[in-house]
Number of protein chains: 2
Amino acid sequence: MCADLCCDEKCVHEDIVHKVEHHLPNDETLYDLAELFKVFGDSTRIKILYALFESEMCVCDIAELLNLTQSAISHQLRVLKSAKLVKARRSGKTVFYSLADEHVRLIINQGMEHILE
Amino acid sequence: MCADLCCDEKCVHEDIVHKVEHHLPNDETLYDLAELFKVFGDSTRIKILYALFESEMCVCDIAELLNLTQSAISHQLRVLKSAKLVKARRSGKTVFYSLADEHVRLIINQGMEHILE
DNA sequence: CTTTCATATGAACAAGTGTTCATATGTTTA
DNA sequence: TAAACATATGAACACTTGTTCATATGAAAG
């Protein structure tokens, strides 16, 4: 292991460690942030979000579009909803889902830019 | 399951499904995008990235900062590096890691905005 | 009320992930 | 060359996650 002084002139250590410690958001916030990105970290959910970029859609249509069971989509929409990435609107038996806000689009576009460069 | 026509006046279906189908990026791209977000979806990695916001750091310092083994950090840095989120610079025995580009900061800040609202 | 249909939920299982331990690689100094 | 040290890597393990199947809930139509 590193013994407090593992380098020569370029040494940062102690100082940096303490400086960074003070600038780190608290653990709970960082945990929540990771949880948010975890939601984006599944291709089914990404596809659902991309689909909702175009228009609100009901569960069965998304299922048909992505060739997955209605149950799978419903489970995933639940995840997206509790992360406040989508919202639901009921119309009779049907429930229409749509993007909760524009953050979703921004985050995804930023990610897309990264992988396309 | 949904039988092609599950609603009344508000019906979208077929039309929307086909329209959205054409606008969806291809499967591989969507998969890669999900893989990218998966990398952000772990609080250890988020903490590492946040630490690197302040300054480049070597492996053992990050390990000390986050109270994790050097091995754990090294494994995670490998993940971050293959996603091109961080880059490495060797100086003697020590390897300093830093953010690969400004996308990282943008994506994380966007995520942070979402959870803080 | 009963049936039908869209959606939600719970259990179960396979597949994936993050950490630790042990050890290898590579660099510097004695 | 040998010892010391920072980092990397592989195997193993517990833990998490996404899907399916079966079934429950809730709304509209007969």
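Source: prediction; values computed, not measured. Chain A is the first sequence line, chain B the second, and so forth, proteins listed ahead of strands; every chain is numbered from 1.
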Would you indicate, yes or no, if C:dA6 has its OP1 or OP2 atom less than 4.0 angstrom from a side-chain nitrogen or oxygen of A:Tyr97?
no
Let me know the distance between CG of B:Leu66 and P of C:dG18, rounded to the nearest Å.
15 Å
Looking at A:Asp27 and B:Lys47, does any basic side-chain N land under 4.0 Å from a carboxylate oxygen?
yes
Any side-chain N or O of B:Arg78 under 4.0 Å from OP1/OP2 of D:dT9?
yes
Hey, is A:His75 doing a stacking thing with D:dT19, by the 5.5 Å centroid and 30° angle criteria?
no
Residue B:Lys93, side-chain heavy atoms: nucleotide from C:dT17, C:dT27, C:dG18 that is nearest
C:dT27
Can you check whether any acceptor in the base of C:dT9 is under 3.5 Å from a donor in the side chain of A:Ser71, or vice versa?
yes
Check every atom of D:dG18, D:dG26, C:dT20 against the side chain of A:Asp42 and return the nucleotide holding the closest atom.
D:dG18
Would A:Tyr31 and B:Phe37 show up in the same hydrophobic cluster when neighbours are defined by side-chain heavy atoms closer than 4.5 Å?
no
Any idea which of C:dT9, C:dT17, D:dT7 is nearest the B:Val95 side chain?
D:dT7
Spacing of A:Ile62 atom CD1 relative to C:dA8 atom C1', expressed in whole Å
14 Å
Can you tell me how far C1' of D:dA27 sits from CZ of A:Arg89, to the nearest Å?
15 Å
If I take atom CZ in residue B:Phe96 and atom P in nucleotide D:dA6, what distance separates them, rounded to the nearest angstrom?
11 Å
Return yes if some donor-acceptor pair links the side-chain N/O of A:Arg45 with the main-chain N/O of B:Ala34 below 3.5 Å, else return no.
no
Report yes or no: do B:Tyr50 and B:Leu106 belong to one cluster of Ile/Leu/Val/Met/Phe/Trp/Tyr joined by side chain heavy-atom distances under 4.5 Å?
no
Side-chain atoms of A:Cys60 come closest, of C:dT19, D:dT19, C:dT7, to C:dT7
Report yes if a donor N or O on one partner sits less than 3.5 Å from an acceptor N or O on the other, where the partners are the side chain of A:Thr69 and the base of D:dC21; otherwise report no.
no
Kindly assign one of parallel, tilted or perpendicular to the pair B:His114 and A:His103, based on the angle between their ring planes and the thresholds 30° and 60°.
perpendicular
What is the separation between atom CG on B:Leu68 and atom P on D:dT7, rounded to the nearest whole Å?
15 Å
For the pair made of CD1 in A:Ile73 and P in D:dT19, what is the distance, rounded to whole Å?
7 Å
CD1 (A:Ile107) and CG (A:Leu85) are apart, to the nearest 0.5 Å, by 7.0 Å
Please tell me which of the listed nucleotides, D:dT19, C:dT17, D:dT9, lies nearest to the side chain of B:Lys38?
C:dT17
Under the 3.5 Å rule, do the base of D:dA6 and the side chain of B:Gln70 count as making a donor-acceptor pair?
no
To the side chain of B:Gln76, which of C:dG26, C:dC5, C:dT19 is closest?
C:dT19
First of A:Thr44 and A:Arg90 reached from the 5' end of DNA chain D, by closest nucleotide
A:Thr44
Distance check needed: C:dT7 P versus A:Glu56 CD, whole Å only.
12 Å
Quickly work out the A:Phe37 CZ to C:dT17 P distance and round it to whole Å.
18 Å
